**Student:** 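Quick one: the structure is below, questions incoming.
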Protein chains: 2
Amino acid sequence: MAKTADRKKKVDCLSRMMAVRDALDVINGKWKLMILISISDGNSRFREIERSIPKINSKVLAKELKDLEEHQLIKRTVIDGYPVLIEYTATDYVMSLEKVMDSLYDWGVNHRKKIFAK
Amino acid sequence: MAKTADRKKKVDCLSRMMAVRDALDVINGKWKLMILISISDGNSRFREIERSIPKINSKVLAKELKDLEEHQLIKRTVIDGYPVLIEYTATDYVMSLEKVMDSLYDWGVNHRKKIFAK
DNA sequence: GTAAGCAGTTACCTAAAAGTAAGCACAATG
DNA sequence: CATTGTGCTTACTTTTAGGTAACTGCTTAC
């Protein structure tokens, strides 16, 4: 293979890695996708989300919600009244993650099958 | 909504979370997907893979390669001779991750565009 | 004869992620 | 009148992931 082609290949490989890394930086960790699934599923209150995700705790949830809001994947709305209520909702941008979540779901289901088949 | 429907919804939400979690357990961390990309791209020797991934170090690479082998995503082959050579190759099972990697790639590219657009 | 390459391992250290437990101020519920 | 629920925060500890540097034994190239 020519050197230029070789260099091109390396760049392709690198840029693929970088894009995947960019994506992972946003959705990494144990909790982010779980929270997005929960909210997309209709859970909107802090406690509600907390209860819907086994083993999560409020400190972690609060931190992750902030991260997700920064990345514009969820919206935090304050509803005045006594007591003040907070509502978390999925933004349109979450839709762009659909393929990622679906493919992860499919693969997870399949992988579990594979493991238990042994 | 009826209680049974409510319960069903909860179960669906939970099982979706669990499958996604199962998938993440296998490919999480900074390095696993990068390594898979590198090997799929044709890098097969330890040092070759190491050089292809910016900032990785041999301790981490060795550990991740073991993990990936356990999950049957790569194969480690010993080639006798002096010195003994080792070859890492992607298994067929990696193909099943194609959708996951592609969707992450697409999303990463798009997300980066979005960020720099501001 | 020394440097670099092969495929890692070892011991040690740091940083980041995650978990624990308690508490805030106020309201409605039992 | 004690408990529960609201949406978190704080201080602290543990766990995990990741990073650094040096070294192995043997080979080929400079």
Side-chain angles (χ1 to χ4, degrees), chain A residues 17-18 20-39 42-71 74-90, chain B residues 6 17-18 20-39 42-71 73-90:
Chain A
M17 285 187 201
M18 292 316 166
V20 169
R21 175 66 70 77
D22 284 343
L24 286 180
D25 283 347
V26 176
I27 61 161
N28 67 355
K30 267 172 97 165
W31 303 113
K32 296 227 168 63
L33 288 180
M34 318 275 276
I35 294 168
L36 288 181
I37 291 172
S38 173
I39 294 178
N43 298 115
S44 59
R45 327 302 316 284
F46 188 93
R47 294 285 185 207
E48 204 177 9
I49 299 165
E50 192 176 4
R51 279 191 302 266
S52 74
I53 304 174
K55 311 244 176 186
I56 202 170
N57 61 67
S58 38
K59 186 204 131 191
V60 168
L61 180 56
K63 188 231 165 206
E64 299 289 59
L65 285 171
K66 268 176 207 158
D67 287 356
L68 291 171
E69 204 193 344
E70 261 175 40
H71 288 301
I74 60 173
K75 198 174 36 189
R76 181 181 184 272
T77 315
V78 179
I79 304 167
D80 283 337
Y82 284 101
V84 180
L85 298 180
I86 309 291
E87 198 180 56
Y88 290 97
T89 46
Chain B
D6 224 46
M17 286 186 201
M18 292 315 166
V20 169
R21 177 65 71 78
D22 285 343
L24 286 181
D25 283 347
V26 176
I27 61 161
N28 67 356
K30 265 171 99 165
W31 303 113
K32 296 229 170 60
L33 287 182
M34 317 276 276
I35 294 168
L36 288 182
I37 291 172
S38 173
I39 294 178
N43 299 115
S44 60
R45 329 301 315 283
F46 188 93
R47 294 290 183 206
E48 204 178 8
I49 299 165
E50 192 176 5
R51 279 191 302 265
S52 75
I53 304 173
K55 310 247 177 183
I56 203 170
N57 61 67
S58 36
K59 186 204 134 192
V60 168
L61 179 56
K63 188 230 164 206
E64 300 288 60
L65 285 171
K66 269 176 206 157
D67 287 356
L68 291 171
E69 205 194 343
E70 260 175 41
H71 288 300
L73 290 166
I74 60 172
K75 199 173 37 189
R76 182 182 185 272
T77 314
V78 180
I79 304 168
D80 283 338
Y82 284 103
V84 181
L85 297 181
I86 309 291
E87 200 181 55
Y88 291 97
T89 46

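Note that the coordinates shown come from a computational prediction; the quantities given were computed from them, not determined experimentally. The chains referred to below are lettered A, B, ... by the order of the sequence lines, with proteins before strands, and numbering in each begins at 1.
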**Student:** Atom CD1 of A:Ile56 and atom P of C:dA17: how far apart are they, to the nearest Å?
**Tutor:** 15 Å

**Student:** Please state how far atom CD in A:Glu69 lies from atom P in D:dG7, giving the value in whole angstrom units.
**Tutor:** 15 Å

**Student:** Please check: side-chain N/O of A:Glu48 versus main-chain N/O of A:Arg45, any donor-acceptor pairing under 3.5 Å?
**Tutor:** yes

**Student:** Using the closest heavy atom to pick a nucleotide of DNA chain C for each, name whichever of A:Pro83 or A:Lys55 lands nearer the 5' end.
**Tutor:** A:Lys55

**Student:** Could you check how far CD1 of A:Ile35 sits from P of D:dC8, rounded to whole Å?
**Tutor:** 12 Å

**Student:** Of the non-hydrogen atoms in A:Ile53 and A:Trp31, which two are nearest, and what is the gap between them?
**Tutor:** CG2-CZ3, 3.7 Å

**Student:** Roughly, in whole Å, what's the span from CD1 in A:Ile79 to P in D:dT6?
**Tutor:** 13 Å

**Student:** OP1 or OP2 of D:dC8 versus the side-chain N and O atoms of A:Tyr88: is any pair under 4.0 Å?
**Tutor:** yes

**Student:** Give the rounded distance in Å between these two atoms: CD1 of A:Ile86 and C1' of C:dC26.
**Tutor:** 14 Å

**Student:** Pull out every residue in residues 44-52 of chain A that has a heavy atom closer than 4.0 Å to any atom of DNA chain D, ordered by number, or say none.
**Tutor:** A:Arg45, A:Phe46, A:Arg47, A:Arg51

**Student:** For nucleotides 10-18 of chain D, tabulate all protein N/O to nucleotide N/O atom pairs closer than 3.5 Å, reporting atom names and distance.
**Tutor:**
residue: D:dG18; atom: OP1; partner: B:Lys30; partner atom: N; Å: 3.0

**Student:** Sub-3.5 Å donor-acceptor pair from the side chain of B:Arg76 to the main-chain atoms of B:Glu69, do we have one?
**Tutor:** no

**Student:** Rounded to whole Å, please give me the gap between CG in B:Leu65 and P in C:dC6.
**Tutor:** 15 Å

**Student:** Send over the distance from A:Leu61 CG to D:dT9 P, rounded to a whole Å.
**Tutor:** 11 Å

